[in-house]
Every structure is written in structure tokens, then in C-alpha cells.
Amino acid sequence: MNLRIARWLASLGTAMFFAAPAMSVDASVHHVEAKACKQCHEEIYTQWAGSMHANSSALKDPIHGAFYRQVMGDPLQEGLKSKKGQYPVCLKCHAPVAAFEKKTKLDAKPAYAAGVGCTTCHSFSKFKGTTKPNGKPAYGIDAYEMDTTKLYGPSGITYTTGRTPEGATWPTPVHHPIPMEGNKAALFKSNAACMGCHEKRSNFHGTPLCRTGDEYEASASFINCQSCHMAIVTVPKMKDGKVVPGETVSIPDHTMAGGHDAKMITRGIAMTMETRREGDMLKATLTLRNRLPHAYPTGAPFRNFFIRIASYDKDGKELWKNYKVHPIKDDPKSAFWYTLGGADGKPTIPPKATQVLSDTRLKPNETRTVEYEIPIESATRIVRAEALYDLLLPPIKGKLKGKIPDDLLKPKLAASAEIRL
Ligand code: HEC
Ligand code: HEC
Ligand code: HEC
Ligand code: HEC
Ligand code: HEC
């Protein structure tokens, strides 16, 4: 079987070493690069290649890379260990193939640097849950049974690696160059396909950092992650990097957009503003609704958003604003963030946190109103409120300025509302 994969890859010109008769690591399906799937799944490949899954390793994601170097060390070093002498847990989700093979030098194989690849997810044969029998957390690859010889999908189609025989009668198995079982709908069409890496993660002190799965459970929703994050999209058919004129395909969107996507973050929040004039004050009520079955924002603990509400004259000159430096300091009701703290009760960074001090993000399906009193001058013409989404909290931004691309430090407009006087 592995020999067949090897031959097929060799025919594609994939530079790998297949001479070893015994099952070498490189003959595992995990080392079949996404480029080899591109030949027949080019549209999905293109979506994936631009996704955070394809860019999740410390060598590709500048934000994760910066944290990884700080908390663990050099991603180009083999045998890297955490301060506690353990295998770097991060790799179990961010570089799953390296973790599966217990390696830490991420440039040693393309599949290590590639992050969460096609053959990572599609080699899952079972979701075991995120708690081990001994009560310890099972992260990423530890939460799944992973096959090194076969791939899986949800369709119900029967596949064969052989050529479909001439004159075969229905039902004819579909040819797939890599062994494929299309019988895993229960896994691939449910949250189980995501929860191994997205359910929750705590730091070494047991403080929860990410809890998208817990949030989702609390919302008692029955809509799966895929309904939103892998919606069916109809895109132009692609062949060898070019659009095939007039032809389209419908596929589950493998972009899997989240906080990095300026459009996705506008999907989850609805904001409206009502105002009432009282003398030279304008009383504004903002109503914020989270339309999602997880928090807004969810995910990494430094994701946050804040409200900027300001008044302007007819030329757009700002006359008043609800904060000077940042709402976290100057207007806490306008800051929606997950506050991790140390033993001293002061906010701290994720690896050092021993407690959650507060969580002012919008809970699943929560509606929150926030009131403002805005001084009105004779020149005031516009009052505008903006919900601004940030990947990182201000102190972390300060530290990473100049070290990561600038656009990762810029807040993105998630929602706006305005009135004209
Ligand atoms: C993060 C996990 C993940 C990654 C990475 C991933 N997939 Fe998928 N893929 C899924 C899930 C989940 C489904 C099922 C979606 C559904 O049916 O709701 C799926 C479905 C598919 C399908 C079936 C399409 C259809 O029309 O129903 C194909 C083909 C596929 N993936 C190919 C790929 C290829 C090629 C890559 C890499 C370029 C890739 N996948 C990367 C999770 C993943
Ligand atoms: C020679 C063409 C070819 C190559 C190369 C190829 N596939 Fe496929 N694949 C197909 C065809 C044909 C189907 C069935 C119809 C469809 O979904 O397009 C399919 C279906 C799938 C499915 C859906 C399984 C299900 O549920 O029925 C997945 C997942 C998938 N391929 C993943 C991959 C991955 C990952 C790679 C790269 C390692 C890959 N394929 C390489 C042709 C190919
Ligand atoms: C093997 C682990 C793994 C699996 C399985 C997985 N993911 Fe991910 N996912 C990651 C990692 C790691 C990242 C973060 C990449 C980064 O930012 O460095 C990520 C990023 C994302 C993001 C983007 C976040 C952002 O910052 O923009 C979304 C959305 C997402 N995943 C959704 C899904 C969905 C939906 C599924 C199930 C179909 C899924 N993932 C399955 C590991 C996984
Ligand atoms: C109703 C649609 C919907 C469903 C269902 C849904 N999400 Fe989301 N998700 C969104 C939207 C919109 C965003 C962007 C806003 C945000 O970050 O909260 C998002 C953001 C995310 C992010 C990005 C976090 C980051 O750091 O950038 C991740 C990861 C994620 N979702 C995972 C999941 C998982 C896992 C599930 C299933 C348990 C799920 N989502 C279910 C709509 C949805
Ligand atoms: C259980 C799986 C898992 C483990 C273990 C894990 N992460 Fe992540 N990490 C994710 C996922 C999923 C995302 C993206 C979606 C989100 O925000 O939840 C992410 C996002 C991040 C981000 C934000 C990246 C960006 O582009 O904004 C950083 C930084 C990060 N992780 C650092 C680490 C470090 C450092 C470790 C190890 C100490 C680690 N992670 C361990 C799953 C994991």
C-alpha cells in the first residue's frame, strides 16, 4: 500500500526517499504534501494554502512564532524541551506532524512546517476526546486516532486505489490515488473534527487560556462548527493555477476564517445605537449582540474588541472621544477582553497566569447594552460608534511592534453605527 503511494508520488515528481522497504516515516500519508492533492483538489488547496491552518507552525505564523520562541525556544532545534523538561505541547496542535513523530526541528520536513495539513485532518479515524483516562488533558494529536496509511472523509463514497475496471457495473468504487475511506461522516460532519485542537487549553498552572469548546457547550447549540467555518461556497474551477472559464465547483470552504479575517469578524456581532438629547448632552445606548454559539471574540486569550465612540464636526474633526489611550484603562465598560492574572491579582501574560480575573467578552448569544453621555457642542454634527477587533492586547502589541507585520497590530472594524445631527 505504501509502495503504491510512493510510486504515485514518484510519478508526480515529489522529491522524497522511498527506497526503504520497511515503512519509513516519510512513507506515512502525513508526509504526502498538500501540493500532491492540489492536482485534483485545486480549489480546496488554494483555500487551505491561505488559511491559518497552513500557517500555524512557528515558522509560518509570526504571532505564534514570537510566542513560541519566547515560551519554548528555537523552532529549528531538535530535542527542544519546555522549562519543565517536557516535549513542547504547542506542537501537538500547531505542528501536528512533528508532534506525531516527536520531533521539534520544524524545518526538517516540509510536513512539520506546513502546520495543520490536508493529511493531518483527513488521517483522523477517531476522536478520543480531550481528557485522557488519567484526567490529564489530551491536546491536538493526542485527542485523535491518526492513521499513517489511509485517509478519511464524510461522503459515503466507496474508493479504490486501483483502476476502476472497464465495464464495471454500479456501484463502482471511485479511484483515489491514496487509500481513502469515505465512511466517517460522524467525525467529519461534527465538532469532533475541530474540538481536539479548539475545545480548550490550559497553561502549566491549569489556568484556562482558550475555551471555545466550553463556550460552545454552555450555549447548548446544535449547529456544528462547519456550518459557519466551512460553509459551502461556489468558486471558479481552477486548473494549473488558472481559472477554467465558465466552470464552477461547490466545496466546503477550507479557508476556515477566524480572527485574522476582516470580513469574518463582522459576521458575529450586531451593533445598534439609540440616542436621546438632554440639554447639551446626548445619551447614547449601544446594543451589542453576539450572534454566535461561542464567545465574541473567542479563541486565544489575547483576542479582544473595544468600542470607540466619538463626536465630530462637519469637517470630520474629532470633538470628543470615550477614551484617551485605550478603553481598558480609560473606559472599562467599552473593553471586551479576557483578563488573566497572576498570584498578586494583577493582569499577566498567558504562560504566567494562575487565575482568570475577569471575562468581559460577549458570551454566546449575549445581548449587552452600554450607555454613553456625549457632550454636544454647537459644532457637533456626527456621533459615530465603532466596534474594533484586535488580535492582541495593547501591552503585547507594544512588545511585538517591529517584530511582526504591522497589519497584525491594527484593529479591524467589526461593526459601526452613527447618527447625524
Ligand atoms: C482542519 C481540518 C482540515 C484540513 C486541514 C483539511 N480538511 Fe478537508 N475537510 C475537513 C472536514 C471537516 C471536511 C468535511 C466538511 C463537511 O462535509 O461538512 C472536509 C472535506 C473535504 C473534502 C470533501 C469535499 C466535498 O465536496 O464534500 C475534500 C475533497 C477535502 N476535504 C480535501 C482536503 C484537502 C485537499 C485539504 C488540503 C489542501 C484539506 N481537505 C484540508 C477538514 C479538513
Ligand atoms: C488523482 C486525483 C486525486 C488526487 C491526487 C487526490 N484526490 Fe482526493 N478525491 C479525488 C476524487 C475524484 C474524489 C471524489 C469526488 C470528489 O470529492 O471530488 C476525491 C475525494 C476526496 C475526499 C472526500 C472523501 C469522501 O468523503 O468521500 C477527500 C477528503 C480527499 N479526496 C482528500 C484528498 C487528499 C488529502 C489528497 C492529497 C493527499 C487527495 N485527495 C488527492 C481525486 C483525487
Ligand atoms: C490538529 C489541530 C487542529 C484541528 C483538528 C483544527 N484546527 Fe483550526 N486551528 C488550529 C491551529 C493550531 C490554528 C491556529 C493557527 C495560528 O493562528 O497560528 C487554527 C486556526 C483556526 C481558525 C482561525 C483562527 C484565526 O486566528 O483566524 C479557525 C476559524 C479554525 N482553526 C477553525 C477550525 C475548524 C472549524 C476545525 C474543524 C473543522 C478546525 N479548526 C480543526 C488547529 C486545528
Ligand atoms: C454561527 C456561526 C458559527 C459557529 C456555529 C461557530 N463559529 Fe467560530 N466563529 C464565527 C465567527 C463569525 C467568528 C469571528 C468572530 C469571533 O472571533 O468570535 C468565529 C471565530 C472563531 C475562531 C477564531 C478565533 C481566533 O482566535 O481568531 C475559532 C477558532 C472558532 N470560531 C472556532 C469554532 C469552533 C471550534 C466551532 C464549533 C464548536 C465554531 N467556531 C462554531 C462563527 C461561528
Ligand atoms: C490544544 C491545541 C493548542 C495547543 C496545545 C497550543 N495552541 Fe496555540 N492556538 C491553538 C489554536 C486552535 C489557535 C487559533 C485559534 C484560537 O485563537 O483559538 C491558537 C493560536 C495561538 C496564537 C495566536 C496566533 C495568531 O496568529 O494570532 C498563539 C500566539 C499561540 N496559539 C501560542 C501557543 C503556544 C506558545 C503554545 C504552547 C505553549 C500553544 N499555542 C499551544 C491551539 C493550540
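One is the number of the first residue; the rest follow in order along the sequence. Atoms within each ligand, like the ligands themselves, are counted from 1 in listed order.
Every atom of ligand 5 with a heavy atom of G299 under 4.0 Å away is listed here by number and element: 16 (C), 17 (O), 18 (O). The ligand atoms of ligand 5 that sit less than 4.0 angstrom from a heavy atom of D61 are 24 (C), 25 (C), 26 (O). Below 4.0 Å from some heavy atom of A300 lie the following atoms of ligand 5, by number and element: 16 (C), 17 (O), 18 (O). Listed by atom number, the atoms of ligand 5 under 4.0 Å from H260 heavy atoms are 25 (C), 26 (O), 27 (O). Heavy-atom proximity to Y139, at under 4.0 Å, picks out these atoms of ligand 5: 1 (C).
Protein non-hydrogen atoms do reach within 4.0 Å of atom 38 (C) of ligand 5. Per-atom contact check: atom 6 (C) of ligand 5 touches the protein, criterion being a heavy-atom distance below 4.0 Å.
Counting only non-hydrogen atoms, the option in A34, P252, C40, A185 that gets closest to atom 4 (C) of ligand 2 is C40.
Atom 12 (C) of ligand 3 has C93 O, 3.3 Å as its closest protein atom, hydrogens excluded (heavy atom only).
Counting heavy atoms closer than 4.0 Å to ligand 3, residue A257 contributes backbone atoms (N, CA, C, O) but none from C-beta onward. Contacts with ligand 3 closer than 4.0 Å are made by no heavy atom of H254, backbone or side chain. Neither the backbone nor the side chain of L391 has any atom closer than 4.0 Å to an atom of ligand 5 (non-hydrogen atoms only). With a heavy-atom cut-off of 4.0 Å, R201 touches ligand 5 through its side chain alone.
Residue-and-atom listing of protein N/O/S atoms under 2.8 Å from atom 8 (Fe) of ligand 3, sorted by chain and number: H53 NE2, H198 NE2.
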